[in-house]
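Beneath this line is the structure, given in structure tokens, with notes to follow.
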Amino acid sequence: MNSSHAVQILPPEWFTLPTCVVASDMVGKLLCRTMSDADGNLYTVKIRVVETEAYIGLDDPACHTHAGTRTKRTEVMYEAGGIFYIYLTYGVHHMLNVVTSRAESPESVLIRAGFFDECIVSNAILKNNQPELVASMTHHKNLAGPGKLTNRLNITRDLNQLPVAPDTGLWFEDDGCSPPVQLRPRIGIDYAGDAKDWLLRYVWAGHKSLSKLSCHNH
DNA sequence: GGATGGATTGGCT
DNA sequence: GCCAATCCATCCA
């Protein structure tokens with residue numbers, strides 16, 4: 001986006017910032033995922049984040065840790081920010097979260113949508129404005145929705161509790177992109193009473209790759 | 001040990 | 001718009 005800005009890997013400590021700051025600033029960042037093809041060759045896909053949600057802990061009825069709920073599943077959220085919280089919902093879809101804030105402040109950010117930006121194969125950088133690349137990366141094109149995003153990037157609970165870092169094969173980079181962000185109510189939490197109207201969803205204003213439910217709710 | 005329901009998606013009416 | 005899919009964490013007896 002901004003070619004004069006040095007690309008920086010976001011260190012785990014970046015995610016110890018307040019949850020709403022992380023959720024908002026994460027829009028425009030690159031979600032980077034290293035995978036292997038059928039022949040075992042490694043490649044890295046970079047996805048531009050366009051939609052996130054904040055789940056803000058003890059006083060948030062929509063959050064898995066509301067009222068201090070502390071179980072085997074949610075224990076990871078009580079760690080310091082900078083590790084993944086990944087769980088299965090509806091028996092079908094993996095939800096990708098990054099744990100945020102300090103230890104004992106059990107909050108996280110859900111990654112809801114992104115779009116394909118570039119792919120790195122054997123040090124060659126293939127950008128999304130190359131028609132032949134877009135054609136070959138069709139399976140990465142539709143990343144609008146939290147379940148679709150994890151499915152296309154091969155993200156499962158294997159990564160739960162692991163640090164947000166290149167060694168893990170899943171990390172974030174900042175290349176200076178800073179799009180306009182709008183606040184919206186969160187999706188799929190009708191059970192949460194008043195909290196269903198809280199403005200804790202952060203979207204790239206007017207972007208066409210927002211999740212389907214997101215557009216519907218607009 | 002059994003019941004409940006979900007931070008979703010895609011297919012069908 | 002409606003609804004099944006499909007696993008498993010969580011809660012209650």
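Chain naming here is simple, since letters A, B, ... match the order of the sequence lines and numbering starts at 1 in each.
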Find the distance N160(A):CG to dA7(B):C1' and express it as a whole number of Å.
15 Å

Salt bridge (charged side-chain N to carboxylate O under 4.0 Å, His left out) pairs touching residues 80-98 of chain A, sequence neighbours excluded, are none

Looking at V22(A), V27(A), V203(A), which hits side-chain contact (heavy atoms from CB on, under 4.5 Å) with T52(A)?
V27(A)

Which nucleotide, dT9(B), dA7(B), dT6(C), lies nearest any side-chain atom of V92(A)?
dT6(C)

Across the strands shown, which category fits N151(A) at heavy-atom distances under 4.0 angstrom: base, sugar-phosphate, nothing?
nothing

Partner residues of Y78(A) under the ring pair (Phe, Tyr, Trp, His ring centres under 6.0 Å) criterion, sequence neighbours left out
none

Pairs flagged by ring-ring contact (aromatic ring centres under 6.0 Å, His included) wherever residues 21-42 of chain A is involved - sequence neighbours left out:
none

Please determine whether a side-chain nitrogen or oxygen atom of K148(A) lies at a distance below 4.0 Å from atom OP1 or OP2 of dG10(B).
yes

Please list all pairs passing the salt bridge (charged side-chain N to carboxylate O under 4.0 Å, His left out) test where one or both residues lie in residues 29-42 of chain A, with sequence neighbours left out.
none

Expected output: side-chain T65(A) to main-chain P106(A) donor-acceptor under 3.5 Å:
yes

Taken in chain and number order and not counting sequence neighbours, the residues that satisfy salt bridge (charged side-chain N to carboxylate O under 4.0 Å, His left out) with E173(A) are K46(A)

Considering only the C1' atoms, how many Å lie between dG10(B) and dC8(C), rounded to the nearest integer?
22 Å

The dot-bracket string of DNA chain C, counting Watson-Crick and G-U wobble pairs with both distances under 3.5 Å, using [ ] for crossing pairs and | for pairs to another strand, is |||||.||||||.

Any Y191(A) side-chain N or O less than 4.0 Å from OP1/OP2 of dA7(B)
yes

Below the 4.0 Å mark, does dA7(B) have OP1 or OP2 next to a side-chain nitrogen or oxygen of R201(A)?
no

Report the distance from atom NE2 of H93(A) to atom C1' of dT9(B), rounded to the nearest whole Å.
4 Å

Whole-Å distance between dT8(B) P and I187(A) CD1?
8 Å

Listing request: all ring-ring contact (aromatic ring centres under 6.0 Å, His included) pairs with a residue in residues 90-110 of chain A, at least two apart in sequence or in separate chains.
none

Rounded interatomic separation in angstrom, taking CG from L88(A) and C1' from dG5(B):
13 Å

Mind calculating the distance between NE2 (H94(A)) and C1' (dC7(C)) to the nearest angstrom?
10 Å

Residue pairs meeting salt bridge (charged side-chain N to carboxylate O under 4.0 Å, His left out), one or both in residues 74-97 of chain A, sequence neighbours left out, come to R70(A)-E75(A)

Between protein and nucleic acid, restricted to nucleotides 9-11 of chain C and to nitrogen or oxygen atoms under 3.5 Å apart, what atom pairs and distances do you find?
residue	atom	partner	partner atom	Å
dA9(C)	O3'	R73(A)	NE	3.2
dT10(C)	OP1	T71(A)	OG1	2.1
dT10(C)	OP1	R73(A)	NE	3.4
dT10(C)	OP2	T71(A)	OG1	2.9
dT10(C)	OP2	R73(A)	N	3.3

Other than V76(A), what residues sit in its cluster of Ile, Leu, Val, Met, Phe, Trp and Tyr side chains whose heavy atoms are under 4.5 Å apart, directly or through others?
Y55(A), M77(A), I83(A), Y85(A), Y87(A), M95(A), V99(A), L110(A), I189(A), Y191(A)

Strand-adjacent residues in residues 56-64 of chain A, judged by heavy atoms under 4.0 Å from DNA chain C:
none

Under the ring-ring contact (aromatic ring centres under 6.0 Å, His included) rule, what pairs show up with a residue in residues 7-40 of chain A, not counting sequence neighbours?
F15(A)-F172(A)

Could you check which of dA5(C), dC8(C), dA7(B) has an atom nearest any side-chain atom of S108(A)?
dA7(B)

Quote, to the nearest angstrom, the P distance that separates dG5(B) from dA13(C).
15 Å

